[in-house]
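Here the structure comes first, spelled out in structure tokens, and everything after it is commentary.
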Number of protein chains: 2
Amino acid sequence: MRYTIHDIARELGVSARTVGRVVNQQEGVGEETRKRVEAFIQEVGYRPHSGAQSLRRQASDSIGFMLCAPADQLPLSQDLLTWLFSQLYEVFGTHGKFISFDMNPPVQNGVRDYARGIWQQRFDASVIGGAFYPNDTTLARIHALGAPYVALARLPALPEACTGAVDYEEACYLSTRYLIEKGHTRIGVLQGLPHHVPGIERIVGYKRALDEAGLSYDATLIKPLSFAPKNLTNQFHRLLLDTNVSAVVDASGAQDAHSLREGVRMGGRMLGRDLDMVVWTYTSGAVVLREALAHVWLPVRETAAESIALLGDWLYERRDGPFQVLYRPVIYDTPQGEEVAKPKPVFEVHLEE
Amino acid sequence: MRYTIHDIARELGVSARTVGRVVNQQEGVGEETRKRVEAFIQEVGYRPHSGAQSLRRQASDSIGFMLCAPADQLPLSQDLLTWLFSQLYEVFGTHGKFISFDMNPPVQNGVRDYARGIWQQRFDASVIGGAFYPNDTTLARIHALGAPYVALARLPALPEACTGAVDYEEACYLSTRYLIEKGHTRIGVLQGLPHHVPGIERIVGYKRALDEAGLSYDATLIKPLSFAPKNLTNQFHRLLLDTNVSAVVDASGAQDAHSLREGVRMGGRMLGRDLDMVVWTYTSGAVVLREALAHVWLPVRETAAESIALLGDWLYERRDGPFQVLYRPVIYDTPQGEEVAKPKPVFEVHLEE
DNA sequence: CTGTTAGCGCTTTCAA
DNA sequence: TTGAAAGCGCTAACAG
């Protein structure tokens, strides 16, 4: 049998209000009555129905995590997921919150409503991961609600949104400028997330560096990438068919030395001799590709950690409203050390080339 | 503004029931009315309040995952967590369920109510991970509710509970018997989870093998382990102070070659010369310790996969009620191959030695 | 085809 | 210190 507050009240010959008082640890119950009610609750293992509770309170004791793009369009690595998991637990789990994931919302007539849990008022606070489509309109709606949330990505159309992001524009600017300074004039870009904001930002940064150096932009030097197997290698190879290309920015984010080397090999090149690279990584000081001229570190974890902590402050009223966190990437000449392994994705990606 | 079904009804000059019909895709709404309502809902991004919904329906569109023991008493590895995550997504996420984790419920007057989410009726189905305390009474209560759940662990006191477990009794029996057959008569056990059911099962299996061989039991050969740093090494060392101990079962589950070697070294022994070991692993065919005489594979993932799939069948009415899944461990002589790395825990463990 | 209405279990206001 | 009752937003039985 499943007890309600009324059942308990009836059983003990008190009113529902009294039971409610005990359950919610409120004042105004006689010592003796309280003891009796507590004992009974303990005995039958009563806990208030969370749906009914959330109907009256404006809270659910639950934190939501969702992805603003399908998981197969931004392969979440196992490392990042477990890291995120432990962050969410550190900030919210220690307050007894449930952490609720909605990474695969059903697609209704072509629309993937990643914020459904928010509309349904399932969460006290929400963390939105991923990369936005440039035409996203959902975030504005979330923002308008006024409830605590943070997007771990930027959306230029909505600069006042609560975000924690890495500056990909700057990353590509730094990478390109670095190669220009080394004397290169025809620089290719392996462009991750071409249809998403961070992919577009890459190109903006690239152009800025070219502009600054008085070099002209050639769209054929940008190779948009999908997450299909071999795509990185093939696009890289295609890029190197242009024999004037002497340097490449690996802005794939794949941290996949093997695929890069394959591309170089297929292109009949040799890194350090007739090809220079700047390679992106998400790990501070990590070496992705030994032969790279330089690496650019994108501090995504650091950004996310600060953002989630601030979201906690917002929820627990230690600060007020939305915030914008923007971390700058760091470029460094390749240090000594082992190459890091290519991250393993959490979900399998089912995409054709 | 947050619309309710009544707001929408008023706005459009229809009844709340009609709006409800459209929202829930039910029959009995005129084509034209339906279109109007749908358009409005789309426009304002209306979604029914999940609390109110769960109050009326008996469903929440959410699957719960909880640990029946504190996370620092059974360090969850990163690998296992991401694996679990993707399993839950495969079975339930594809049906649009939210996956809700409650791994750190607040402790109220000494009691850690790991099933709080179930009492609160937050979940359509629940997965309980971890290892039970022998005196657990919560599971019986969960079982009595009749709602779909599975415990990824056994509880001897409640054999009819819905469980998916690995036979740790058998694992320790096999390990011990193997060493007896190799001529050993004084065999130590590094006992993982000593206060939990699987830890106790280890001893039962150990005794069974001794009994069969007519050997007597000596409690000093059992070294209970905590997850404190160095504890494995120290307990191992302590065990080896008994110079008659010629063989040891590593039933720690730690898959930690380094700590084992440290223990051997401190004990002044040498594996393969004056000490033989059987080492447990959770990965099929994996080599944890090259110098081990044999490995025992505990198919936890395989068990969990089948159990979670069956839970899905139960929830989606492709099968009926509770089930018991029990996988047997497999012993094998160490094959060739690289040693696997020690798994990384998701959460830091804060325990003193 | 559409509307009225009675709860689901809880919180909270107000009254006793 | 305790109780009666309204109502949160939704669903479903029942009327029209």
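Chain letters run A, B, ... following the sequence lines, proteins first, then strands; residues in each count from 1.
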Protein-nucleotide distance ([X], atom [atom1]; [N], atom [atom2]), rounded to Å:
{"X": "B/Arg57", "N": "D/dC10", "atom1": "CZ", "atom2": "C1'", "result": "9 Å"}
{"X": "A/Arg21", "N": "C/dC10", "atom1": "CZ", "atom2": "P", "result": "16 Å"}
{"X": "B/Ile5", "N": "C/dG3", "atom1": "CD1", "atom2": "C1'", "result": "13 Å"}
{"X": "B/Ile8", "N": "D/dG9", "atom1": "CD1", "atom2": "C1'", "result": "11 Å"}
{"X": "A/Leu55", "N": "D/dC8", "atom1": "CG", "atom2": "C1'", "result": "4 Å"}
{"X": "B/Gln58", "N": "C/dG7", "atom1": "CD", "atom2": "C1'", "result": "13 Å"}
{"X": "B/Arg47", "N": "D/dC10", "atom1": "CZ", "atom2": "P", "result": "13 Å"}
{"X": "B/Gln121", "N": "D/dC10", "atom1": "CD", "atom2": "C1'", "result": "16 Å"}

Using a heavy-atom cut-off of under 4.0 Å over every strand shown, decide if [X] touches base, sugar-phosphate, or nothing.
{"X": "A/Val14", "answer": "sugar-phosphate"}
{"X": "A/Thr33", "answer": "sugar-phosphate"}
{"X": "B/Gln26", "answer": "sugar-phosphate"}
{"X": "A/Gly30", "answer": "sugar-phosphate"}

Which residue lies toward the 5' end of DNA chain C, B/His6 or A/Thr4, if each is placed at its nearest nucleotide?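 The residue mapped nearer the 5' terminus is B/His6.
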
Comparing B/Gly13 and A/Arg17 on DNA chain C - which has the more 5′ nearest nucleotide: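 Nearest nucleotide further toward 5': that of B/Gly13.
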
Please check the phosphate of [N] (OP1 and OP2 only) for any side-chain N or O of [X] closer than 4.0 Å.
{"X": "B/Thr18", "N": "C/dG3", "result": "yes"}
{"X": "B/Ser15", "N": "C/dG3", "result": "yes"}
{"X": "A/Gln53", "N": "C/dT11", "result": "yes"}
{"X": "A/Tyr46", "N": "C/dC10", "result": "yes"}

Between the side-chain atoms of B/Arg56 and the base atoms of D/dG9, is any donor-acceptor pair under 3.5 Å?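 Side chain to base: no pair below 3.5 Å.
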
Which residue, A/Leu311, A/Asp124, A/Asp61, forms the side chain to side chain contact (heavy atoms under 4.5 Å, CB included) with A/Phe92?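 With A/Phe92 as partner, A/Leu311, A/Asp124, A/Asp61 yield a single side chain to side chain contact (heavy atoms under 4.5 Å, CB included), made by A/Leu311.
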
Less than 6.0 angstrom separating the ring centers of A/His196 and A/Phe132, yes or no?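 Between A/His196 and A/Phe132, the centre distance exceeds or equals 6.0 Å.
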
The test is salt bridge (Lys or Arg N to Asp or Glu O under 4.0 Å); show your working for B/Asp113 and A/Arg47 and say whether it passes. CA-CA 10 Å; B/Asp113 185 5; A/Arg47 285 271 197 166; 3.2 Å; yes

Nearest heavy atoms of B/Arg319 and B/Leu310, plus distance in Å: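 Looking at all heavy atoms of both residues, the closest pair is CD-O, 3.7 Å.
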
Given the rule in the side-chain hydrogen bond (donor to acceptor under 3.5 Å, both in side chains) test, do B/Arg17 and B/Gln26 qualify, once you have shown the distances and angles that lead to the verdict? CA-CA 11 Å; B/Arg17 184 70 191 90; B/Gln26 292 164 0; 3.2 Å; yes

